[in-house]
Amino acid sequence: MAEAADFQGTSPSPARRWLRRTGALLAGAPLLAGLLQLSAAAPAGAVEQTSAQAASGSQTVSVSVDTFSPSIPTDGDTLTISGTVTNNGKQAVTGAHVGLRLGQVLSTRSAIDTVAKRTDYVQGVDGSEIGDKYTEKFAKLTPGVAEPFTLSVPVDKLDLGDDGVYPLGVSLSGQTSAQPWEQVLGIQRTFLPWQPDEADTKTKTTYLWPLVSGVHMTAQTGSNEQQTPVFLNDDLAKEIAPGGRLDQMLSLGKDLDVTWVIDPDLLASVDAMTRSYKIQGDGDTTTTGTHQAVAKAWLAELQSAVADKEVVALPFADPDLASLAHNGTSVTGSLSHLKDATDVAATTVETVLHVTPTTDFAWPVSGAVDPSIIKVATSAGADKVIARSDSLQETGGLPYTPSAARPIGGGTTAVVADARLSTAFEGDLAKAGAATLAEQKFLAQSLTLDLQSDKQRSIVVAPQRMPTASQAQTMAEALTTLQGSTWFESQDLAAAAKAKPDPGATTKVPSSSAYPSSLRKQELPKSAFEEIASTQDKLDNFRVILSDESRVVTPFGRAINREMSTSWRGRAGEAENFRQSVLDYLEDLTNQVKLIDKSETKLSGRSATIPVTVQNNLVQGVNHLVLRLTSTSPTRLKIGGKAYWEQPVTVNGGHSQSVKFTTSANANGKVEVLAQLYTEDGQEYGQAVRFDVKVTEVTATVMLVIGGGVLLLVLAGFRMYTHRKRAVARQAEQEGPDGPDDGAAEEPDGPENPAGPQDRLKEESGTPSRADDPEHPSDPTPDTAPESADPSGTGERVDR
């Protein structure tokens, strides 16, 4: 086998390995001479034909490497590899066997990438088999049938040389009836990291462990004192339940030396689940959540896991910095939402986890940056931006990977995560074969990076924000192995950001045109930020009238943060639906405070009062409102002597309040009147109410007629009174001083029991006199109910 290629800064190999390599060369000299003679004797055409035959069917059989143990072998170990071989062809494979092929040591990280991409067998490059003793044979491989295999070989038999990464091929050789000669019909390559002795200089490595989820909570809450939150669905319960994605992230991460990167919205959502909560159903229906115990257990375990670890808090709901930079800064108020999300982050983490987090790191999607993203990322107070090396690429020609920290101007530090290590666990890793290959490649890249230089370097690994359960398991297995290696040293993110920058590393932020188009297509559009601004305007107009604005401002403020979440990338339709639902619910709440419609009002006289009713169906009182009543024809009808009149309005929760306006008429006919609520700062609130006022002016002649009629009634009443009194007196004289023999005398009308004309008319008509008869006949009967002591509708449905 080939000797290891030279590495810059690689320390000399131990003497014992030099002796072992020398012995191997001496022992292999006769074999090498024979091979050379055979090659010389064989015609050139025969060699070319053999190579072509060897490569022609190298994808007929698929080879899966499911286990590789130990992942980083050392002297005295036995390497065990197991997996399956599957015949994908139409003909049976006979005389087959699985063997190992060790290639030449790889000297660069790009060489590892090249080997990983190859699928065909290449004779000479993939090396020869490591002896028949370490193979497994199959008499026949039936098409479509997977056959398991296990290979074990002592590491000493591999004759490994210098420290480094060796490509290790697992190949299936055999023949078919169509090609009846032995050839390699399938091969799978993996990597064997080899450094049995402690490295002279270990690479300080920071691994970010993200606890980030999507949006789960709505803006809606119950009208009770606790403001019961309403969730979009019950997906979060599935994520934190045993075996769920977030449960796996927590249980795996607690035993690793990692930096926890947490979205405070996730903590707030799980914390809300520990108490009473609802789940949104069809229409306006909700169901009661039942996973309080799961939420409590997950939070308790997380509190324990991060008690003595570094915690980095992202802004609340993990806002999409790139979308904001590219599409949101032209919309007024967008940056203020990022500031709010940053301000609430530390408080949320401290309240739920009882630790003080770091909040001065910003993390754009995939670590892709440009000047506008840097500007937005640092606008809310962060002075460190987590970038990635495939965005902020090296241009200085350094032969090694520099440390992560880079000063990029303005007091800002770019913490550049290594792209190869950060993307090592993306893709579908649910199958054992894919997970094993990802782990070995990750370890190979890490070792090769360490062997590049003797300089002390600080490397950061920033994986995908929301790893799947299988990705998380593979990450944890690889990181566990790496932490036990001879070249790894753990380091916190804050320490990596403070490490001395490499003077040769690039510090130039790429231009906006270099931002990946694939990422730009997933961004929130400008229209999304315009919708967010519209919602904020309505919220600002609503909050000023509330007696307890925190019940509304807090939940809607957090909902607006969620509208900007990075988790909406690739889900434009769902993002739009969420934004619309927040706006619809806010409008529904604002409509709970409104004017009651009025029908036509009649005025019979020059002056009268007009009542207008304000209804408040919220559970809290409203104030700082002004009700304005405006006459559209002030020459015919004036309100309070003017074209319009305003009165302050205060209404308790669940009540209505009637407000009376004095009017004066100058002419008969209909006049349209407009009632409109305003906030104290002059902003219209709610819908206006329009109604007609019909005025009937009373003339002097009519008043004389009415006055004469009243006088006649009074005279008639007086005449009846005197006539009856005389009749009673005559009857008393006839009966004598002792009174009548039987029966009671009729009680005369007199000063002690007067009966006026109107009373007699009512008695005669059968209509009783009422104590609450109106004192002003010109006042119309109100067409709205007076203030009620009972609630008049559903209450607020808001919370954080």
Side-chain angles (χ1 to χ4, degrees), residues 212-222 227-239 245 263-266 268-270 272-273 277-289 315-324 326-328 331 333-334 337-338 340-341 365 465-466 519-540 542 552-592 794 796-800:
V212 179
S213 187
V215 172
H216 298 286
M217 293 181 67
T218 70
Q220 185 177 354
T221 61
Q227 291 189 264
T228 302
V230 178
F231 283 68
L232 287 170
N233 46 51
D234 216 11
D235 290 351
L236 183 56
K238 298 176 183 177
E239 287 196 271
R245 186 186 72 84
D263 176 7
D265 183 31
L266 171 62
S269 299
V270 179
M273 288 180 61
Y277 70 98
K278 298 286 187 178
I279 302 168
Q280 196 174 69
D282 296 331
D284 295 331
T285 63
T286 59
T287 58
T288 301
F316 193 94
D318 188 18
D320 192 333
L321 301 176
S323 294
L324 183 57
H326 296 155
N327 304 318
V331 180
S334 295
H337 298 307
L338 176 60
D340 292 341
V365 173
R465 268 174 159 74
M466 290 188 281
L519 293 179
R520 194 179 290 272
K521 291 177 181 178
Q522 296 181 338
E523 292 177 351
L524 294 172
K526 181 179 179 180
S527 60
F529 293 96
E530 292 172 341
E531 292 171 11
I532 292 171
S534 177
T535 300
Q536 184 64 53
D537 288 343
K538 292 182 182 296
L539 178 61
D540 291 339
F542 183 42
V552 174
V553 173
T554 299
F556 274 99
R558 300 295 75 79
I560 289 175
N561 292 148
R562 294 180 183 115
E563 291 180 1
M564 299 170 59
S565 174
T566 300
S567 65
W568 295 122
R569 283 189 168 243
R571 303 162 57 208
E574 294 176 64
E576 171 64 29
N577 291 339
F578 183 80
R579 292 193 299 271
Q580 189 61 49
S581 69
V582 173
L583 179 59
D584 289 346
Y585 181 58
L586 179 58
E587 290 179 341
D588 179 56
L589 282 181
T590 58
N591 290 336
Q592 301 302 310
T794 58
E796 282 170 80
R797 298 172 294 279
V798 294
D799 191 11
R800 54 185 176 179

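Looking only at atom types and distance, the side chain of E239 has a donor-acceptor partner in the side chain of S213 under 3.5 Å away. Residues K278 and T287 have side chains that never bring a donor and an acceptor to within less than 3.5 angstrom of each other. Between E587 and N591, the side chains place no donor N or O within less than 3.5 Å of an acceptor N or O (distance only, hydrogens not considered).
Residues that satisfy the salt bridge (charged side-chain N to carboxylate O under 4.0 Å, His left out) test with E530, not counting sequence neighbours, are absent from this structure.
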(request) List the steps and the verdict of side-chain contact (heavy atoms from CB on, under 4.5 Å) for D235 and H216. (result) CA-CA 8 Å; D235 290 351; H216 298 286; 4.3 Å; yes
(message) Run E523 and L519 through side-chain contact (heavy atoms from CB on, under 4.5 Å) and show every step you take.
(response) CA-CA 7 Å; E523 292 177 351; L519 293 179; 5.7 Å; no
(request) Please assess T286 against Y277 for the test side-chain contact (heavy atoms from CB on, under 4.5 Å), listing each intermediate value before the final yes or no. (result) CA-CA 10 Å; T286 59; Y277 70 98; over 6 Å; no
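Remark: the backbone N or O of D318 is paired with a side-chain donor or acceptor of T566 at under 3.5 angstrom. Checked by atom type and distance alone, the side chain of W568 never pairs as donor or acceptor with a backbone atom of E576 at under 3.5 Å.
Nearest heavy atoms, P264 versus P315: CD-O, 4.0 Å. Of all heavy-atom pairs spanning F231 and A272, the tightest one is CZ-CB, 4.1 Å. H337 approaches N561 most closely through the heavy-atom pair O-ND2, 3.4 Å. Of all heavy-atom pairs between A528 and L524, the closest is CB-CB, 4.3 Å. Residues M217 and A268 approach most closely at SD-O, 4.3 Å, considering heavy atoms.
Counting heavy atoms from C-beta on, the side chains of L539 and L586 come closer than 4.5 Å.
Here the options are H326, R569, Q522, the test is side chain to side chain donor-acceptor pair (under 3.5 Å), and the partner is D320; only R569 passes. Partner of V582 under the side chain to side chain contact (heavy atoms under 4.5 Å, CB included) criterion, chosen from N577, T535, T218: T535.
Separation of atoms CD (E531) and CZ (F578) is listed at 12.5 Å; rounding is to 0.5 Å. Note that OG of S581 is 6.5 Å distant from CG of L232, once rounded to the nearest 0.5 Å. Rounded to the nearest 0.5 angstrom, M564 CE and F316 CZ are separated by 13.0 Å. Note that the CD1 atom of I532 and the CG atom of L324 stand 9.0 Å from one another [nearest 0.5 Å]. Atoms OG1 and NZ, from T590 and K538 in turn, are 7.0 Å apart once rounded to the nearest 0.5 Å. Between S567 atom OG and L266 atom CG the span is 11.0 Å, to the nearest 0.5 Å.
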